[in-house]
Colleague: 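This is the structure I want to talk about, given as structure tokens.
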Amino acid sequence: MERRDFLKISAVTGATAALDGCGKPDVQLIRFIPEEELTPGVAVWKPSICTMCPAGCGLMVRVMEGDAEVVRNGTLGLMKMGLAKKLEGNPHHPVNRGKLCPRGQAGIQVTYHPDRIKNPLKRAGPRGSGGFQEIGWEEALEELTAKLTQLRSSGQESGLAFMTKPLRGQRRELIERLLRAFGAPPPVVFEPFDEAVLRHANLLSFGRPQLPTFDLARSNYVISFGADFLGAWNSPVAQNLAYGEMRQGRPGQRGKFVMVEPRMSQTGANADEWIPTRPGTEGVLALGLAHVIINEKLRPPDAAGHAGSLIDGWSKGLIEYTPAVVEKQTGVPAATITRIARELAEHEPAVAIVGGAPLAQTNGLASALAVNALNALLGSVAKAGGIIFSPPSTPGKDVTTVVREPRAGFESLHHTLARQKSGEASAFQVLLLYECNPLFATPPGWSVKEALQRIPFIASFGSFVDETSALADLILPDHSPLESWLDDEAESGTPHGVNSLAAPAMRPLHNTRPMPDVLLDVASRLGGSVAAALPFKTFEEMLRGAFEHFLKGKGGKPVMDPDTFWKEVQEQGGLWSDTEISFHGLGGIDHAPVQPGEPGFDGAPEEFPFHFHPFPSASFYDGSTAHLPWLQEMPDPLSTAMWSSWVEINPKTAERLGIQQGDQVEVASQHGKLQAPALISPGIAPDVVAMPAGQGHENFTRYASGRGANPISILAPMIVPETGSLAWAATRVRITRLGEGKLVLFAGGLREQIHEHKHR
């Protein structure tokens, strides 16, 4: 570093440097010259995109001058720079319309996290030992390029695997282009709470392989089968806004909401009517409602069109699904089934929603198709107050090119793991990891660690060391989202086509590089077809090129100055249509008729008497945000529990087993066991025990490591056959009291509620 670039600070206080016993500075801090023009005391709001869940909400980032500890040219020092101080929702963004959930608010802590990886790391010691040494970027890029060059020279291009979280927009495009040009398989897309079942059902029913958008604001009656749409499912902020309008936004008119689920969720706590049902029978209940509607001639069977033809016996009025028969299978009283069916038909527009645990059963696809057929019967598809599908944001672009193939998630993971564990010659030699942690979020029966250990070279683009990246040979730390160019194409949550775009809200703090720019650099070094497929010098250049089609008018000529257009898109936070899309003639795909059938469960009821119900946490979702302390200390919306895991048990079940609030219990399946404190809750069926996902990390920063228990660690390796998705609700368990435990509750408010419930 040259002298003009910094001023050395020779005297520092104990707050900024450690002193040894002789009083000499142990660390010499450096004051770097600012890299940008700053106005002290003046806040600037910059658009960005929330990356804390798949919804794709728009952000506004409050940026002000401040002092930051930064790394420049491998040296730690201080610099005045524009720093992100607060995140809010972008009021102009169609998905969240200015609102933001707590997880989105906490996203700022990713940038300032004390355990962020600040420099490239190379493994030092046995794989998985956690030993890494810092190296320079040139050495890191040379090593990665050398590994890929070796694959190409030996004709083993298919030995490259890229494992990533679900992506949209140009990040996904870049990765897919790289892999195609290299000759490698498509990316392995991994997400624990995979929505492939619902996407596949929507493809079969309506020809749209994507998650739906629900026009709740104009609905008069809503029934949800397991979808926690106000908590952690699909696009929660958009759905909360629409739900609020349905309930309070129309003077003199208030829509009714019914929730069907075995364990009361945050959404269920807001329902007018909460109906517990036996796990895996939600599709049967949907067909029971349809039977009443058809039998009483409230709607003709052919009103359901193609969606109805996918259900065996639909045209004959579903005679096997009378209320009495459905009651025996679901546990829902026949009178309740009849009443709700009539209410649905009489209070149009009405809409049915399905998601979460019902689709994580072995019969999940059939249940989704049954609810789709019920929606079609009610006349709720592509109608105001019903179910619609967000259009692709790119004019003329088919939705199947925007939303990933429904079978591409867990099924591709299964194939990758099987290929690796087989030891065959075609096994993967190089694995690239981006924003996914399969070692934490897969059942033990899949033996993920064993498979990954067999891969000779693993490189991670992670910003933190987690269970999976701890196995890496090389870590190439990414910028935080607030330091990066971002784009996204909204899949759900709005009737508008949305293409979000954001420039970096602040300069990078550390010696990190954005993953897309690293891949472009590597592609250039590889040369040949790979460099030709990715000719961009930076990801910004690639994004700008992708937006050029919006400028083209008749004859392909630009309709405005490109520089002006690029500036305006950044200032708004993206592009979106002004008018709502109107769908007509949605058509599905031919498929043999199905019936929900009996769900399959792992574990004999005699030995494992309880259905195990893990659920995505409102704070941590799948565990990917458990490292953020704001979310750790945020009380759970229902239980008020914090900084911990817990096991929810019905009061009658707890009394029978001698379990009291806060007792330490053991939950065991055929595949493992865990321990956590008991939380006695009246909002759960007696034969069900539930746990939030997200805690139980062995290695994920100081805030999440060794905290709580991971319910995924005891799940059976059951799948939904049609998609290969994890059937995470298909495991049975037993529960045993171990003794007194510790349950951290905010203000201890739940104890009084339970006491009152038991003595009513």
Side-chain angles (χ1 to χ4, degrees), residues 1-20 23-52 59-88 100 104-121 134 136-137 463-465 477-486 502-514 517 570 627-633 701-703:
M1 179 159 302
E2 299 181 12
R3 183 175 180 179
R4 68 174 183 270
D5 292 333
F6 62 86
L7 297 173
K8 293 183 179 180
I9 300 175
S10 59
V12 290
T13 67
T16 55
L19 304 179
D20 63 16
K24 297 179 181 179
D26 192 53
V27 176
Q28 189 176 46
L29 286 185
I30 294 171
R31 171 70 70 174
F32 298 107
I33 293 175
E35 301 168 336
E36 56 191 318
E37 293 291 331
L38 300 167
T39 305
V42 177
V44 178
W45 289 91
K46 298 183 178 182
S48 191
I49 303 169
C50 184
T51 61
M52 302 303 284
L59 294 181
M60 294 300 293
V61 186
R62 185 172 182 260
V63 179
M64 290 186 69
E65 179 200 67
D67 275 328
E69 189 178 88
V70 302
V71 175
R72 293 294 183 267
N73 295 335
T75 304
L76 181 68
L78 297 175
M79 179 187 289
K80 282 192 179 296
M81 61 186 296
L83 297 173
K85 299 287 188 176
K86 186 72 169 67
L87 306 183
E88 295 290 351
L100 194 63
Q105 295 274 359
I108 196 170
Q109 292 195 307
V110 173
T111 298
Y112 301 116
H113 201 291
D115 296 333
R116 265 188 77 184
I117 302 173
K118 299 175 175 61
N119 295 284
L121 301 177
E134 292 185 356
W137 271 103
S463 296
F464 303 91
V465 176
D478 196 5
H479 282 357
S480 79
L482 297 181
E483 301 165 344
S484 304
W485 280 94
L486 303 172
M506 58 181 283
R507 293 176 183 268
L509 294 177
H510 308 306
N511 187 25
T512 58
R513 293 189 185 181
D517 283 355
Q570 292 179 56
H627 62 313
L628 303 182
W630 283 0
L631 297 178
Q632 285 283 355
E633 68 181 5
T701 82
R702 69 190 69 183
Y703 301 112

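All residue numbers refer to positions in the sequence shown, counting from 1.
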Colleague: Which pairs, with at least one residue in residues 73-85 and sequence neighbours excluded, count as a salt bridge (charged side-chain N to carboxylate O under 4.0 Å, His left out)?
Modeller: D67-K80
Colleague: Mind listing the closest non-hydrogen atom pair of F32 and T75 along with its distance?
Modeller: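 Looking at all heavy atoms of both residues, the closest pair is CZ-O, 3.6 Å.
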Colleague: Shortest non-hydrogen contact from T701 to F464?
Modeller: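 Of all heavy-atom pairs spanning T701 and F464, the closest is CG2-CD2, 3.7 Å.
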Colleague: Quick one: sort the Y703 and H113 rings into parallel, tilted or perpendicular, breaks at 30° and 60°.
Modeller: perpendicular
Colleague: So which atom in E69 and which in L78 form the shortest heavy-atom distance, rounded to 0.1 Å?
Modeller: CA-CD2, 4.1 Å
Colleague: Under the side-chain hydrogen bond (donor to acceptor under 3.5 Å, both in side chains) test, which residues partner T512, sequence neighbours left out?
Modeller: H479
Colleague: Write down the atom of L87, the atom of G107, and the distance for their closest heavy-atom approach.
Modeller: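 Heavy-atom minimum between the residues: CD1-C, 4.0 Å.
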Colleague: Consider side chain to side chain contact (heavy atoms under 4.5 Å, CB included). Of I30, V70, V71, N511, which one does L76 pass it with?
Modeller: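 Result: among I30, V70, V71, N511, V71 is the only option passing the side chain to side chain contact (heavy atoms under 4.5 Å, CB included) with L76.
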Colleague: Quick one: CZ on R62 to CD on E88, what's the gap to the nearest 0.5 Å?
Modeller: 10.0 Å
Colleague: Going from CG on L482 to OG1 on T51, what distance comes out if it is rounded to the nearest 0.5 angstrom?
Modeller: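 These two atoms lie 8.0 Å from each other.
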Colleague: Residues in salt bridge (charged side-chain N to carboxylate O under 4.0 Å, His left out) with R702, at least two apart?
Modeller: D115
Colleague: Could you check whether any side-chain heavy atom of D517 comes within less than 4.5 Å of a side-chain heavy atom of W485, counting everything from C-beta outward?
Modeller: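 Not in contact.
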Colleague: By salt bridge (charged side-chain N to carboxylate O under 4.0 Å, His left out), which residues pair with E35, not counting sequence neighbours?
Modeller: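 In terms of salt bridge (charged side-chain N to carboxylate O under 4.0 Å, His left out), with neighbours along the sequence ignored, E35 is linked to R72.
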Colleague: Which heavy-atom pair separates A503 from Q570 by the least distance, and what is that distance?
Modeller: CB-OE1, 3.5 Å
Colleague: Quick one: does V110's side chain get under 4.5 Å of S463's, heavy atoms only?
Modeller: no
Colleague: Is any side-chain heavy atom of K86 closer than 4.5 Å to a side-chain heavy atom of Q105?
Modeller: yes
Colleague: Looking only at heavy atoms, what is the nearest atom pair of A505 and V63, with distance?
Modeller: O-CG2, 3.6 Å
Colleague: For residues 41-51, which residue pairs pass the salt bridge (charged side-chain N to carboxylate O under 4.0 Å, His left out) check, not counting sequence neighbours?
Modeller: none
Colleague: Hey, is the main chain of L509 close enough, under 3.5 Å, to the side chain of E483 for a donor-acceptor pair?
Modeller: yes
Colleague: Could you list the residues that satisfy side-chain hydrogen bond (donor to acceptor under 3.5 Å, both in side chains) with E134, not counting sequence neighbours?
Modeller: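 For E134 the side-chain hydrogen bond (donor to acceptor under 3.5 Å, both in side chains) partners, ignoring immediate neighbours, are N119.
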Colleague: Quick one: does D478's side chain get under 4.5 Å of P514's, heavy atoms only?
Modeller: yes
Colleague: Does P477 reach the side chain of R116, with side-chain heavy atoms less than 4.5 Å apart?
Modeller: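 No; the side chains remain at least 4.5 Å from each other.
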